Q: 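Submitted below is the structure of interest, expressed as C-alpha cells.
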Amino acid sequence: MALETIIYPQNQIGNFGYNYHHLLQEDDDYIFNGLLEASNNINHHRQESADHVHACCDIKIESPVAAVQPAVGRRKRRRTKSGKTKEELENQRMTHIKVERNRRKQMNEYLAVIRSLMPSSYVQRGDQASIVGGAINFVKELEQQLQTLEAQKIASIKSYSPLPPQPFSYFFTFPQYSIHRASGGAGGDPTTTAKNRAPTMAEIEVTLVESQANIKIFSKKQHRQLLKLVAGLKCCWLTILHLNVTTLEEMVLYTISVKLEDGCQLNTVDDIADAINCLLCRIEEDSLCAN
C-alpha cells in the first residue's frame, strides 16, 4: 500500500490542535502553587506540633510542682488499722445496739411514769418534749404552792410563838448572799461589806445549768420592786422564762428562771448574784430618794 503524506499549515495546528505551550505554562503555575501551598501546610503543621510538644512539656514540668506545693501545708493523718477481727467488730456493734435499745426502753418507761404522776391538763400530747415540758410546768406549780403554804405556816406560828422559824429557810441551800448565815458571798452581816462590793441586800441563791439559771431572792418589799427587777434582768441579757412571787408581810420571795442570751456577760453564779444584789441596792436607793 502506498503511503500518503498530508501537510497541515501551522495556523491550522494552533486552531484545531492543542496549544502545548499554553498548557505547559498552566501546568507549571498549578504545580508551583500546589507546592507552595503544601509547603505552607507543612510549616503550619510543624508549628502546631511544636506548640503541642511545648505545652506537653510545660504540663509535665509544672504538674509535679503543683502537686507537691499543697502537700507541704497539709499533712495527711494515717488511719491506724485496728487489730480486731470481723467477728469482734460485729460483736462490738451488736453490743452497742443492745445498750442503745435498753437506754431508749428505760427512757420511755421513766417518761410514762412522769406522765402518770401529772394531771392530764399538763400533757396535751404524748411525745417526749411535751411530757418533759409539762413536768417542768407541774414542778413549778408545786413550788409555788409550797411557798404559799410556807408563808401561811409562818403566819400561823408567829401569832402564838415568840420565836417563829426563819421563813423559807429550807428554800436556800448554798446562797451566794445571805443575811442570816456567814457563808454568804458578801458576808452574813448586812452591815459589813467586802472590798469593792455592795452590802448584802437579800438572801440570794443562783444555780446555773448550761445557759439557764434558777434565781431565788428573799428580800424586803420595795416600791415598784418587781417592775425594776424585771427591767434590770432584761438589761443584763437575762430573759425570764418563769416567775413565782410569794409575799409574807413585809418580805417577798422571788423564784425566777432565766435564760442567758448570747450578749450576756454574766458567766458564773457569782456574777449573776453580784448583779442582782447591786440591782436591789439601786432599787432601795431609789425608794429612799422617793420617800
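Along the sequence shown, residues carry numbers from 1. Every value quoted in this text rests on a predicted model; they were computed, and no experiment measured them.
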Q: How about CD on Glu109, more than 12 heavy atoms from neighbouring residues, nucleotides or ligands closer than 6.0 Å, or not?
A: yes

Q: Are Asn214 and Thr255 packed together at the side-chain level, in the sense that at least one heavy-atom pair is separated by less than 4.5 angstrom?
A: yes

Q: If you count heavy atoms of other groups shown closer than 6.0 angstrom to CD of Glu250, is the number above 12?
A: no

Q: Using 30° and 60° as the class limits, which term best fits the ring planes of Phe138 and Tyr122: parallel, tilted or perpendicular?
A: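 The arrangement is perpendicular - the two ring planes meet at more than 60°.
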
Q: Only counting residues at least two apart or in another chain, list the ones meeting ring pair (Phe, Tyr, Trp, His ring centres under 6.0 Å) with Tyr254.
A: none

Q: By salt bridge (charged side-chain N to carboxylate O under 4.0 Å, His left out), which residues pair with Asp127, not counting sequence neighbours?
A: Arg125

Q: Taking Val132 as the starting point, is it possible to reach Met118 by hopping between hydrophobic residues whose side chains are less than 4.5 Å apart?
A: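 Linked within one cluster.
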
Q: Please find the pair of heavy atoms, one from Phe171 and one from Glu205, that lie closest to each other, and give the distance.
A: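 Minimum heavy-atom contact is O-OE1, 4.4 Å.
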
Q: Does a side-chain heavy-atom distance below 4.5 Å link Met94 with Glu90?
A: yes

Q: Out of curiosity, does Val139 fall in the hydrophobic cluster containing Ile114 (side-chain heavy atoms, cut-off under 4.5 Å, transitive links)?
A: no

Q: For Gln145, look at atom CD and say whether over 12 heavy atoms of other residues, nucleotides or ligands are found less than 6.0 Å away.
A: yes

Q: Say whether Ile136 and Leu146 are linked into one hydrophobic cluster, either directly or through other cluster members, by side-chain heavy-atom distances under 4.5 angstrom.
A: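 Different clusters: Ile136 never reaches Leu146 through Ile, Leu, Val, Met, Phe, Trp or Tyr contacts under 4.5 Å.
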
Q: Would you give me the side-chain donor-acceptor pairs under 3.5 Å for residues 233-248, sequence neighbours excluded?
A:
from: Thr239; atom 1: OG1; to: Glu261; atom 2: OE2; distance (Å): 2.6
from: Asn244; atom 1: ND2; to: Lys140; atom 2: O; distance (Å): 3.4
from: Thr246; atom 1: OG1; to: Gln147; atom 2: OE1; distance (Å): 2.8

